[in-house]
Amino acid sequence: MKRLLVTILIVVAVLVAALGLAIALGGPGKAPPPMSSINDPFKNVDFSDLPEARYVTARDGTKLAFRAYPAAGGAVKGSVVLLHGSSASSSSMHLMAKGFAAAGYAAYTLDIRGHGKSGTKGHIAYIGQLEDDLEDFVHSTKLAQPSTLAGFSSGGGFVLRFAGSPRQELFSNYLLLSPWISQDAATLRPGSGGWATVGVPRIIAIAVFNGFGVHAFDDLPVVRFAVNERDRDLLTPQYSFALAQNFRPERDYQANIRAIRQTLRVLVGQNDDVSYADRFAAVFKTAGKDVPVTVLPGIDHISLTLDPVAVQAAIAAVESMDHEKPNQTMQPTAGRRRNKLSVTPTFPPVAMRALASGG
């Protein structure tokens, strides 16, 4: 018995030492070289009419920043809350927010905690805090109905997480714009197309400690992004473990998908350089849901939020969801005679013309 106890203690000590080494030495390393396809397009965006940041107070007392875009015209069609992608902030969704406002929607862009002017860059206090923050924002802001939560890239992944959560009824609809789904999903290009460097050993080790209720290492960096040196003050160059795990779907992303009851659509550019555009429909279908996926010709990852055609396609998707009942276009695949890819059919005339020309 004594020998067995000694053996167990040695094995435990070796495992703890291995985990300690993974945490100490298994971080993300150097950031990858800047990606011009992600960093450069914003040089041509006119931010002269960017609304001033406003703030709501989260349950922990932290001020969370957002920008408001009042709906143009008379009657308000509804509201759209837009979430930015990894490393970015509310200003990156400026053109899309302007488009929704011009179309009659009250639009809001948020600085997700750990980004922009919300909290400490790259850090959150615990996994699940982003859901708490979003709920606090909704309760602090009288959203016009129907309301849509839309997210781009990692923001789209977080929208998927929220759409499959018990709080999903806080919004009527969900729109995913080239969402980051999982390192295990078929949609992901290696290294996110060169956008991120990930400390996999550190992530695994911290996750093991989390499994035993130990969260002492959750604030260590595990991801670094390919941002320009000149933009490091504006962007968030790295994420802690807690932020990286929260700003994405649950680890079991298929369970997230199966749990969705609200109306949901996906938009992605055919030339997306971070994800494989042609694989999204299959990922959702494999998880058990037929989700309408629209692939936009001539659009890459970043232009999905900047190109007028993409903005009009996003508006069209929200307008069509507003006129449908939940689950009308997102049915479980089990037990159906056919599993057929659904594609959002409704586009404004200007978007149809541009799509027909490939632009």
Side-chain angles (χ1 to χ4, degrees), residues 55-66 79-90 93 108-143 145-177 179-182 185 203 206-207 210-211 213 215 218-219 222-223 236 239-264 266 287 326:
Y55 296 88
V56 297
T57 303
R59 62 192 66 187
D60 68 338
T62 299
K63 299 292 185 181
L64 303 176
F66 72 97
S79 60
V80 180
V81 177
L82 297 163
L83 306 186
H84 57 76
S86 57
S87 179
S89 66
S90 56
M93 304 301 287
Y108 304 87
T109 61
L110 276 56
D111 280 358
I112 295 294
R113 186 189 292 256
H115 304 76
K117 299 180 179 180
S118 293
T120 302
K121 283 188 177 181
H123 301 274
I124 60 175
Y126 55 89
I127 299 170
Q129 190 169 37
L130 299 187
E131 290 96 314
D132 290 345
D133 287 348
L134 185 55
E135 182 179 37
D136 292 343
F137 172 79
V138 172
H139 289 160
S140 300
T141 309
K142 190 175 181 181
L143 297 177
Q145 297 301 317
S147 59
T148 298
L149 180 64
F152 169 64
S153 198
S154 289
F158 176 68
V159 169
L160 175 58
R161 180 190 189 98
F162 200 87
S165 77
R167 303 185 236 203
Q168 62 181 275
E169 292 186 3
L170 287 174
F171 292 92
S172 311
N173 310 312
Y174 291 90
L175 177 62
L176 311 182
L177 305 167
W180 191 96
I181 295 178
S182 171
I203 288 176
I206 296 176
N210 277 195
H215 295 275
D218 287 12
D219 207 39
V222 297
V223 182
T236 301
Y239 283 176
S240 70
F241 175 84
L243 179 54
Q245 292 301 301
N246 202 166
F247 199 40
R248 54 165 288 169
E250 299 279 357
R251 194 168 299 167
D252 185 357
Y253 68 90
Q254 292 185 326
N256 269 162
I257 294 172
R258 289 192 296 270
I260 298 169
R261 299 184 303 275
Q262 307 296 84
T263 310
L264 182 143
V266 178

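- Contact detail for V80 and A150: the closest heavy-atom pair is CG1-CB, 4.4 Å.
- Applying side-chain contact (heavy atoms from CB on, under 4.5 Å) to L149 and the options L82, L110, L83, L143 leaves one that passes, L83.
- When all heavy atoms are compared, the tightest approach of S153 to G85 is CB-CA, 4.2 Å.
- Judged by distance alone, with hydrogens and angles left aside, the side-chain atoms of E250 form no donor-acceptor pair with the main-chain N or O of R161 at under 3.5 Å.
- Although no hydrogens or angles enter the test, the distance criterion places a donor-acceptor pair under 3.5 Å between the side chain of T141 and the main chain of F137.
- Looking at D218, its side chain never comes within 3.5 Å of a backbone N or O of F241 through a donor-acceptor pair.
- Using a 4.0 Å cut-off between charged nitrogen and carboxylate oxygen, D132 and R167 count as a salt-bridge pair.
- Looking only at atom types and distance, the side chain of S118 has no donor-acceptor partner in the side chain of D111 under 3.5 Å away.
- Note: S154 OG to R248 CZ = 9.5 Å, rounded to the nearest 0.5 Å.
- Side-chain contact between L176 and L264 is present, with heavy atoms from C-beta onward closer than 4.5 Å.
- Counting heavy atoms from C-beta on, the side chains of D219 and I124 never come closer than 4.5 Å.
- In terms of heavy atoms, Y174 sits closest to E169 at OH-N, 4.5 Å.
- Remark: side-chain polar atoms of S140 are not paired, donor with acceptor, to backbone N or O of V56 under 3.5 angstrom.
- Under the 3.5 Å distance criterion, the side-chain polar atoms of S240 are matched with a main-chain donor or acceptor of L243.
- Using a 4.5 Å cut-off on side-chain heavy atoms (C-beta onward), I206 and N210 make contact.
- G156 approaches P179 most closely through the heavy-atom pair C-CB, 3.7 Å.
- Of the residues listed (W180, F158, F162), the one engaging P249 in a side-chain contact (heavy atoms from CB on, under 4.5 Å) is W180, and it is the only one.
- Considering every non-hydrogen atom in both V223 and A244, the closest pair reads CG2-CB, 4.1 Å.
- How far NE2 of H84 is from CZ of F152: 11.5 Å, rounded to the nearest 0.5 Å.
- You'll find the side chain of Y126 stays beyond 4.5 Å of the side chain of H215, heavy atoms only.
- Taking the centre of each ring, H115 and F247 come in below the 6.0 Å mark.
- A heavy-atom distance below 4.5 Å is found between the side chains of L130 and I112.
- The CD atom of Q168 sits 12.0 Å away from the CG atom of N173 when rounded to the nearest 0.5 Å.
- Remark: side-chain polar atoms of Y239 are paired, donor with acceptor, to backbone N or O of S87 under 3.5 angstrom.
- Proximity of Q245 to R251: side-chain heavy atoms (C-beta onward) are separated by under 4.5 Å at one or more points.
- Taking 4.0 Å as the cut-off between side-chain N and carboxylate O, D136 and R113 do not count as a salt-bridged pair.
- Atom CG of L64 sits about 4.5 Å away from atom CG of D133, to the nearest 0.5 Å.
- The shortest distance between side-chain heavy atoms of E135 and L170 falls below 4.5 Å.
- Here the side chain of N246 pairs a donor or acceptor atom with the backbone of Q129 at under 3.5 angstrom.
- A 4.5 Å side-chain heavy-atom check between F171 and V81 finds at least one atom pair inside the cut-off.
- More than 12 heavy atoms of other residues, nucleotides or ligands lie within 6.0 Å of CZ in R258, so this atom counts as buried by the packing criterion.
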